[in-house]
There are 2 protein chains.
Amino acid sequence: MKIIPNLSVDCVVFGFDLTKLNILLTKRELRDPETDALLFTDYTLQGHHVLENEDLDNAANRVLKEKTGLDSIFLEQFHTFGDTDRIKNPKDMLWVKNIYPTVTNQVITVGYYSLVNSAKIHPDKKHEDTMWFPAENLPELGFDHAEIIDKALSCLRIKLSREPIGFELLPEKFTLSQLQILYEAVLGRKYDRRNFRKKITQLKYIIPLDEKQTGVAHKPAQVFIFSKDVYERTKKDKLGFPI
Amino acid sequence: MKIIPNLSVDCVVFGFDLTKLNILLTKRELRDPETDALLFTDYTLQGHHVLENEDLDNAANRVLKEKTGLDSIFLEQFHTFGDTDRIKNPKDMLWVKNIYPTVTNQVITVGYYSLVNSAKIHPDKKHEDTMWFPAENLPELGFDHAEIIDKALSCLRIKLSREPIGFELLPEKFTLSQLQILYEAVLGRKYDRRNFRKKITQLKYIIPLDEKQTGVAHKPAQVFIFSKDVYERTKKDKLGFPI
DNA sequence: TCAAAAGTGTTGACATTACACCCATGT
DNA sequence: ACATGGGTGTAATGTCAACACTTTTGA
């Protein structure tokens, strides 16, 4: 299958480990083709060129499946990056010349972000060089991927403050504290525990189970599930008042 | 300047005539190259292929400048459309084959919307075949432009309910009723006049002038201006509570 | 003098914030 | 027994929704 040389997708994979927000990155190395000397090393998002006769969304799904093994997970297009000087860093130009000699110097990339429960990816097994980094503490990034991640995060924040998508980052059964930590981690603010619980428990689509946490060295918490079905049935698309 | 055959931008130009929300469309006709018989006619967004060595955002600005004469107006990228079957209607395939024979059958388009005060465009003069249509009552559209407009409108709604961008659609000096009608037209809901005014007048960046409407057959309204400067200085990026 | 939109305040319901103590479990 | 996070209520404040009459102008 031939690639489309001037069109790629990049996926910002967000994960939550019940403590903090993480981003999945892949190690990139460039070695001199003759001497094999290590020229540089850094990290990049999971990306690939779109293939001929492939829908954009499918390209993003394919990349995700290849890099994480996960299928049919939450995936949302957030922005397209098309400045002609996107690849301006000398190391990136060198890398492109070595790895994709057929690629033009004007590549636009469509950014997607996806949300996964970190526990579902075991990067050590399949892809040694693909690993989680805390969103707050990322390593050196290739290309314009720092910019792409910034934009992804700000789009995720807006989305999360409008729609209940946080559950995509949690195990199916979760506690209210885990949910609160998730919101705090993504939105970068704190919530009062009582007020948070009050708010959440009045939502009909967050359903308490007759089940408690086990194996924790403190009072076990009640577990909840999210019902997308109930949400879809009861949501009312109200837009905020003008700012 | 050569075009990039598989990459285009489409601009959804929103205008407000102090009454309702409008969208700028261009008439498209295809005639049989031999008999000159009219094969079909419909309307399309303002779009064009991106040029080699042109930034995406610049391409959108160029298209807008060419089609409306306007420069440096509000322009926001909202979504990229990249399904392989985007051009599936027979009339569209026919049109592409006639007009852009070099173009591949897999073209992705980056959607932008822009906001203009309708009064600033006099389509009759420059472009007879480019005209305003009420957003609520659009004619038959080519390609997937109905879908693109839907998405643009829903993105505009979300943006408008988060940020004060409505002023881009208004004359520099406006009345509170005009602002209210604008919000009602875009968001598709009604506001109580007293509550709306209460809310707006407490915003420091909407500044009353010592000036009144003239030439109206009723009590003249006070006029206001929007200060982007004051807004930028006083805004606090608060994200909503989880839904 | 009439028509048309401008302008103006109060009240009740609801949502948001702030805040402190006891509980159940594993070690 | 202790450390850890779970679970709970109330009062003050702020925000939102509903509602009707008078004013100013041009025609």
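Rounded to a whole Å, the CD atom of A:Q180 is 12 Å from the C1' atom of D:dG6. Taking atom CZ on A:F196 and atom P on D:dG7, their separation rounds to 13 Å, with Å as the unit. Atom CD in A:Q222 sits roughly 13 Å away from atom P in C:dT25 (whole-Å rounding).
Side-chain N/O atoms of B:S177 include one lying less than 4.0 angstrom from OP1 or OP2 on C:dA6.
Between A:D92 and A:R28, at least one side-chain nitrogen of the basic residue sits less than 4.0 Å from a carboxylate oxygen of the acidic one, meeting the salt-bridge criterion.
Residues from residues 210-219 of chain A lying near DNA chain D, meaning a heavy-atom separation below 4.0 Å, are A:A217, A:H218, A:K219 in numerical order.
Residues that satisfy the salt bridge (Lys or Arg N to Asp or Glu O under 4.0 Å) test with B:K20, not counting sequence neighbours, are B:D17. Under the side chain to side chain contact (heavy atoms under 4.5 Å, CB included) criterion, A:A152 pairs with A:V12, A:F14, A:F78, A:Y113, sequence neighbours left out. Remark: B:E136 pairs with no residue by the side-chain hydrogen bond (donor to acceptor under 3.5 Å, both in side chains) rule, at least two apart or across chains.
Judged by distance alone, the side chains of B:N61 and B:Y112 never bring a donor and an acceptor atom under 3.5 Å apart.
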Per-nucleotide protein contact string for nucleotides 10-18 of chain D, where B marks a base within reach and S marks sugar-phosphate only (heavy atoms under 4.0 Å, - for neither): B-----SBB
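Not one N or O on the side chain of A:T26 forms a donor-acceptor pair closer than 3.5 Å with the backbone of A:Q46.
Across A:S227 and A:I207, no two heavy atoms sit closer than the pair CB-CD1, 3.6 Å.
A donor-acceptor contact under 3.5 Å links the side chain of A:R193 to the base of D:dG6.
Screening residues 209-225 of chain A for side-chain hydrogen bond (donor to acceptor under 3.5 Å, both in side chains), with sequence neighbours left out, gives A:K173-A:E211.
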